Amino acid sequence: MFRAKLSVVPGWLALCAAAWLVAGCSSTEVDRTANWSPNRIYSEAKDEADSGSYDKAVPLYEKLEGRAAGTPLAQQAQLDKAYAQFKAGDKPGAIATLDRFMKLHPASPAFDYALYLKGVINFNDDLGLFAFMTRQDLSERDQKAAKESFESFKELVTRFPESRYTPDARQRMNYIVNSLAQYEVHVARYYYERGAYLAAVNRAQIALADYREVPALEEALYIMVMSYDKLGMTELRDDAKRVLTQNYPKSEYLSRGFRAKDDPWWKLW
């Protein structure tokens, strides 16, 4: 039976390999926090965040999570890391950090803040919320972030009515509801202006069914009046007009029509 011969590495090659390994090891980044106390790591992370260097603060908070695991300081590090990620532009990372915090610490006294911060992050997510102000195609916009923001605030005000963050959360909830309703109306108007009158009616009806006592409903009713008129459905047109005049007796839509496109949606005069 033949056996394969093991090749012998020449001495000079072995020395080169050893030198390469040493050089590689020497280039490894040294952990400057290795001998730091948890309190010092937190202080350094906070200094970075306070100076606006959120990208530098995040890894320090991550180290602190490991060094101070199981302590209130580690919980604080998680929350501060989420905020730093948010300010650094890493919104998905911030949401993931908050979700992990709430899963691990359901009884934390800072749970209300975690809910509030999650709501704020989604509230400011311009991928969906108020994106129509950029004049983009409204029918292609996603309102997922706005709805998730509303759910976070809703949980906050329901579970923690006395929280210091609850009053602001309530105001933001009202703003979101108004904006979501107006979004539906803008989409309805988009369809109307392109001659898709049945689609316009359907979208306006969604706003009327899902929302109450918001300014956008006046225009939703007007879109229905105009769309039914274009479709030749005079009886439905008259019904929609009657509801419009009953609920908005001073409405100027019937006399002046749609507001100019350059007017922002929140301009009520």
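Note that the structure is a prediction, hence the values are computed from the model and not measured.
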**OP:** Name all residues meeting the ring pair (Phe, Tyr, Trp, His ring centres under 6.0 Å) criterion together with Y165; count only those two or more places apart in sequence or in a different chain, and write none if there are none.
**Re:** Y113, Y116

Original post:
Which pairs with one or both residues in residues 46-100 pass ring pair (Phe, Tyr, Trp, His ring centres under 6.0 Å), sequence neighbours excluded?
Top reply: none

Original post:
Quick one: side-chain contact (heavy atoms from CB on, under 4.5 Å) partners of L198, sequence neighbours excluded?
Top reply: N202

Subject >> Partners passing salt bridge (Lys or Arg N to Asp or Glu O under 4.0 Å) against E218 (at least two apart in sequence or in another chain) >> reply: none

Original post:
Got a sec, which residues hit salt bridge (Lys or Arg N to Asp or Glu O under 4.0 Å) with D210, two or more places apart in sequence or on another chain?
Top reply: none

Original post:
Is the side chain of T245 donor-acceptor paired with the backbone N or O of K241 at a distance under 3.5 Å, no angle test?
Top reply: yes

**OP:** Check ring pair (Phe, Tyr, Trp, His ring centres under 6.0 Å) between Y253 and all other residues, then give those that pass, not counting sequence neighbours.
**Re:** Y222

Subject >> Pairs involving residues 170-180, ordered by first then second residue, that meet salt bridge (Lys or Arg N to Asp or Glu O under 4.0 Å) (sequence neighbours left out) >> reply: D168-R172

Original post:
Can you tell if the side chain of M226 reaches within under 4.5 Å of the side chain of Y197, non-hydrogen atoms only?
Top reply: no

Original post:
Which residues pass the side-chain contact (heavy atoms from CB on, under 4.5 Å) test with A69, sequence neighbours left out?
Top reply: none

Original post:
Can you pull the side chain to side chain donor-acceptor pair (under 3.5 Å) pairs that have at least one residue in residues 39-50, sequence neighbours excluded?
Top reply: Y42-D80, K46-D50

Original post:
With sequence neighbours excluded, what pairs up with D229 under the salt bridge (Lys or Arg N to Asp or Glu O under 4.0 Å) test?
Top reply: R237

Subject >> Residues in side-chain contact (heavy atoms from CB on, under 4.5 Å) contact with Q75, at least two apart in sequence or another chain >> reply: F101, H105, S108

Original post:
Excluding sequence neighbours, so at least two apart, what forms salt bridge (Lys or Arg N to Asp or Glu O under 4.0 Å) with D99?
Top reply: K118

